[in-house]
**Q** 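Input: one structure, supplied below.
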Amino acid sequence: MASLAKSKVGSSRMKTFYAILIPVLVLFVAFNTYPLITGFFYSFTDSKGYGAFNMVGLLNYADLFTDTRVLNSYLFTFKVAVVATILTNVISLMLAMALSSKVKFKSALRGLFFVPQILGALVVGYVFQFLFTWLIPAFFNTDYTILGDPTWAWIAIVVVLVWQSCAQTTIIYITGLSSVPEDVYEAGALDGAKGWNKFRYITLPLIMPSITTNMVLVMKNMLMVFDQIVAMTSGGPSQSTESISYLIYNNGLSGGQFGFQCANAVIFFILIAAISIIQTRFLNSREEQL
C-alpha cells in the first residue's frame, strides 16, 4: 500500500511538472526557436519581407563584408559597447563599494540608484534627447547640440547607456561585496593590507564571479543597443549612430532588405555568442589565477 501511494504521488508530481513545462516549451519554440529558424532560412533569399522571393545562396553573406553602411554600424556598435561596458563596470564597482560602507541612509541610497533600471529605455532615451537638444544648449546659450554632431553623438549614447546600466550592475556588485567574510578583512588588516592592497589582494579576487557576470551581461546588452538609438538619434546624424540592431530593424522591415538583414542578424547572433563565450572563459581563467 505504501509503495502504491508513493507511486501515485510520483505520478501526480510528474503530471504537474509536465503541465508547467509543456506550455513554456511551446511558447519558447513559437516565439524564439521558430523565428530564429525562419530568419536563418530567409537569409539565403532576396526577400523584401513580402511577396515572392528567390534563393540567392550565400550572396547576402558575401555582400555584408562589402557594404560600407553595415561595416560602419559594426564599428559604431563595438566602439560604444566596449567604452560603455568598461565605464559601467568601473563606476558600478565604485558605487557598490561606497554603498557597502558605513554610510547613512544606505538602504535609501541603494533604492535611489536602482531607479534607472525601472524606467523603460525608450522613456529614458526621450528624456535625455530633450536634455541634450534643448535644455543643455539653452543653459549654455548655444545652438550646438551633441546629438547633431556626427563626430561626438556617440558620446551622448554612451552617457545614457552607462547611466541606466549602472543600476543593475551596482546591485550585483553589492551582492558580491556582501558575500566577502569580514574575518578575511580582519586577517588582512593584521598583515598590513590597507587601501589599494586591500582591494587588489582581498576584495578583487573574492568578487571575480560578480565581475565575470557583469562584464558578460553588460557587453551583451551594449552590443544590442536599440531603444536609445530610436529615441535619441534614429541613427543620425548622417547615419553616424546606426547600431547593428537598429540597422537590421530599419532596413529589414522598411528598407526592402529583409533577406539581407536576416543574414546580418545571423552573423550578429554568432558574434554575440562568440564574444560571450570568450569573455566567460577568459574571466574564469582570471578567477583561477587570482
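All values derive from a computational prediction rather than experimental measurement. One-based numbering along the sequence shown.
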**Q** The test is side chain to side chain donor-acceptor pair (under 3.5 Å); show your working for Tyr61 and Asn264 and say whether it passes.
**A** CA-CA 7 Å; Tyr61 291 92; Asn264 194 8; over 6 Å; no
**Q** Using modelled atom types only, decide if a donor and an acceptor are shared between the side chain of Asn32 and the backbone of Phe28 within a distance under 3.5 Å.
**A**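 Answer holds: no.
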**Q** Determine the interplanar angle of the Tyr249 and Phe226 rings, folded into 0 to 90°, and report it as parallel if under 30°, tilted if 30 to 60°, perpendicular if over 60°.
**A**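 Perpendicular: the ring planes of Tyr249 and Phe226 meet at over 60°.
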**Q** Around Tyr144, counting heavy atoms of other residues, nucleotides and ligands shown, do more than 12 lie under 6.0 Å from its OH?
**A** yes
**Q** Which heavy-atom pair separates Thr145 from Thr133 by the least distance, and what is that distance?
**A**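 Answer, listing the atom of Thr145 first, then Thr133: OG1-CA, 3.7 Å.
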**Q** Please check if the number of heavy atoms outside Arg281 that lie under 6.0 Å from its CZ is greater than 12.
**A** no
**Q** Taking Ser165 for its side chain and Val162 for its backbone only, find out whether a donor-acceptor pair lies under 3.5 Å.
**A** no
**Q** Is it true that a side-chain atom of Ser240 and a backbone atom of Pro237 form a donor plus acceptor pair closer than 3.5 Å?
**A**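 Flag set: sc Ser240 to bb Pro237 pair under 3.5 Å.
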**Q** What do you reckon, is CZ of Phe269 surrounded by more than 12 foreign heavy atoms closer than 6.0 Å?
**A**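 Check fails, neighbour count at 12 or below.
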**Q** As a quick check of understanding, evaluate side chain to side chain contact (heavy atoms under 4.5 Å, CB included) for Phe260 and Asn251, giving each step before the final call.
**A** CA-CA 9 Å; Phe260 180 70; Asn251 284 20; over 6 Å; no
**Q** Counting N and O atoms only, with roles assigned by atom type, does the side chain of Thr169 sit under 3.5 Å from a partner on the main chain of Cys166, one being a donor and the other an acceptor?
**A**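 Here the side-chain-to-backbone pair does not exist.
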**Q** Could you tell me which non-hydrogen atom of Ala30 sits nearest to which non-hydrogen atom of Pro35, and how far apart they are?
**A** O-CD, 3.3 Å
**Q** Would you say that Asn72 contacts Glu242 through its side chain, given a criterion of any heavy-atom pair below 4.5 Å between the two side chains?
**A**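 They are not in contact (no side-chain heavy atoms under 4.5 Å apart), so the answer is no.
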**Q** Where do Ser243 and Leu247 land on the side chain to side chain contact (heavy atoms under 4.5 Å, CB included) test, with the steps shown first?
**A** CA-CA 6 Å; Ser243 67; Leu247 181 63; over 6 Å; no
**Q** Can a donor-acceptor pair be found, under 3.5 Å and without considering hydrogens, that links the side chain of Asp46 to the backbone of Asn54?
**A**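 Checked: pair present.
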**Q** Taking atom CE of Met94 as the centre, does the number of heavy atoms from other residues, nucleotides or ligands within less than 6.0 Å exceed 12?
**A**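 Count not over threshold, so no.
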**Q** In Å, rounded to the nearest 0.5 Å, how long is the span from NZ of Lys220 to CD1 of Ile275?
**A**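 These two atoms lie 13.0 Å from each other.
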**Q** Answer yes or no: does atom CG of Asp143 have more than 12 heavy-atom neighbours from other residues, nucleotides or ligands under 6.0 Å?
**A** no
